[in-house]
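Remember, it's 1-based here, ligands and their atoms both numbered in the order they're listed. The figures here come from the full heavy-atom set of this structure, side chains too, leaving out hydrogens, waters and symmetry mates. Start at 1 with the first residue, then count along the sequence. Predicted model, so just to flag it, every value in this text is computed and none were measured.
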Amino acid sequence: MTDLIDHSTSTPGSGTAALPRVLGAGSRATILDGRTVAVAQLNNAATTPPFERTVREVTEFLAEYGALHRGAGPRARATVEAVERAIDRIRTFVGQPAGNGLLFTSNTSAAINVLARLLPLGPDDVVLTSEIEHTSNNLPWRHNTQATVLDVRADDAGALDLGHLDRLLAEYGGRVKLLTVTGASNLTGFCPDLKGLADRAHAVGALLFVDAAQLAPHRRIDMAAAGVDALAFSAHKVYAPFGLGVLSLPRRVLERAPVDPGGGSIDMVVDSGDVVWAPAAERHQTGTWNATGIVALGASCAEILDTGWDVIEAHERSLVAHTAAALDAVPGIRLTVPAERYRTDDRIGTFPFVVDGLHHALVAAVLEHEHGIEVRAGTICNHRLVRRWIGVSDAEQARISAEIAAGDRLASYGIVRASLACHTTAAEVDRLAAALTAITADGPQGRYRAAPEHETYEPA
Ligand SMILES: Cc1ncc(COP(=O)(O)O)c(C=O)c1O
């Protein structure tokens with residue numbers, strides 16, 4: 001079995017001590033052969049550990065925690081002030097335009113669903129989305145609006161086909177009310193040029209919405225400069241896993257009755273049922289706010305901004321180049337996005353691959369249980385490109401869908417995804433490449449049983 005390097009004492013981004021520290025960076029796990037090894041967290045696109053600073057600021061905040069907007073004493077005041085400071089940090093973090101407001105939800109998926117229900121989209125309207133979207137930036141537009149939803153095509157490496165976008169814009173013109181795209185793909189890491197997309201959308205009078213769930217942890221966002229009208233992301237992917245989602249949107253969209261009314265939405269309900277809505281900026285923030293989540297995200301934003309995007313991006317870009325080369329050199333695996341596309345395109349560190357002859361979920365289980373390396377496997381909420389890579393016919397898809405519906409989640413085709421973050425080290429990437437080399441040469445060393453209900457394999 002491959003030698004495992006113990007990184008429990010290394011600093012994040014070894015050699016670049018200025019990078020933020022995450023909680024649990026040195027955490028260890030006992031693997032199948034009984035050894036205890038440092039965990040390599042290469043599943044950051046799913047969720048990130050919290051920054052140490054984030055946990056520290058949250059702990060300090062909770063010591064003074066009081067009723068937000070529902071109390072008058074010193075603790076309530078301290079809570080309001082901490083939340084307001086955090087909101088300022090979040091606004092700065094995304095470069096929010098002056099005319100926008102923020103809404104807080106539980107995650108990106110909830111934020112996009114709220115936006116879909118808030119926008120006045122009728123049957124004559126067209127929403128342009130794309131083939132590279134996460135399900136959460138696809139289904140809400142189809143299920144929660146009456147608009148016609150069309151997909152901009154992508155090439156096999158998941159880059160948007162701008163020629164196709166231009167043809168759709170020319171064909172539907174003023175009927176296009178919204179262009180909604182990912183800022184960075186959870187499957188391929190591809191980052192479209194947001195300014196170029198904004199210019200195209202605005203030329204026909206449409207809004208540009210960006211699903212920034214994967215963009216926010218990895219690239220500086222300047223909504224105002226790029227012309228992004230609305231944007232959503234999840235705090236649990238930005239080193240602040242305290243159950244918060246963020247939606248930034250033009251205030252004029254909020255000048256309507258809330259789609260989820262309740263406490264906090266209203267200033268008065270008279271007995272007849274007539275309602276005096278709270279001011280537009282507040283009436284959509286129904287119920288008690290997730291103050292802890294907001295403070296946590298504010299702390300993570302501040303940590304990133306204080307570190308400097310130039311430092312974080314430089315570290316991650318060099319890791320992306322290193323990872324593309326390291327994985328490309330492993331015999332027996334196929335990078336479904338060719339390694340050179342990480343050089344020629346703007347991509348975050350998200351690497352999908354398949355291992356010849358081994359089920360994707362088994363590969364992920366072996367990496368975890370025999371090597372202490374966390375990754376993700378499956379269609380990862382983005383099945384269309386995966387289906388194309390695997391070459392699944394309509395007939396096969398129908399059979400697979402039926403088997404999944406019958407309870408066998410392992411019937412799905414899929415890929416393995418390794419994803420990097422600012423705390424990832426080159427040594428962790430090298431461990432992944434070494435582990436994959438061992439797996440492709442010798443196969444799994446342990447015995448596993450299928451756990452179809454969890455779409456995984458478990459040690460037998
Ligand atoms: C690009 C993208 N959009 C949306 C989501 C949904 O985020 P959440 O699960 O936090 O709602 C994800 C989650 O992985 C994502 O990667």
- prompt: Are the ring centres of Y448 and Y457 closer than 6.0 Å?
  reply: no

- prompt: Tell me, do V149 and T129 make a side-chain contact under 4.5 Å, heavy atoms counted?
  reply: yes

query: How far does CZ of F233 sit from OG1 of T105, to the nearest 0.5 angstrom?
result: 10.0 Å

message: So, using salt bridge (Lys or Arg N to Asp or Glu O under 4.0 Å) as the criterion, who are the partners of D161 when residues are at least two apart?
response: none

task: Could you tell me which residues satisfy side-chain hydrogen bond (donor to acceptor under 3.5 Å, both in side chains) with S318, sequence neighbours excluded, listed by chain and number?
output: none

Within the protein, residues bringing a heavy atom under 4.0 Å of ligand 1, chain by chain: N107, T108, S109, H134, S136, T182, N186, D211, A213, Q214, S234, H236, K237

statement: For R251, the salt bridge (Lys or Arg N to Asp or Glu O under 4.0 Å) test, sequence neighbours excluded, returns none

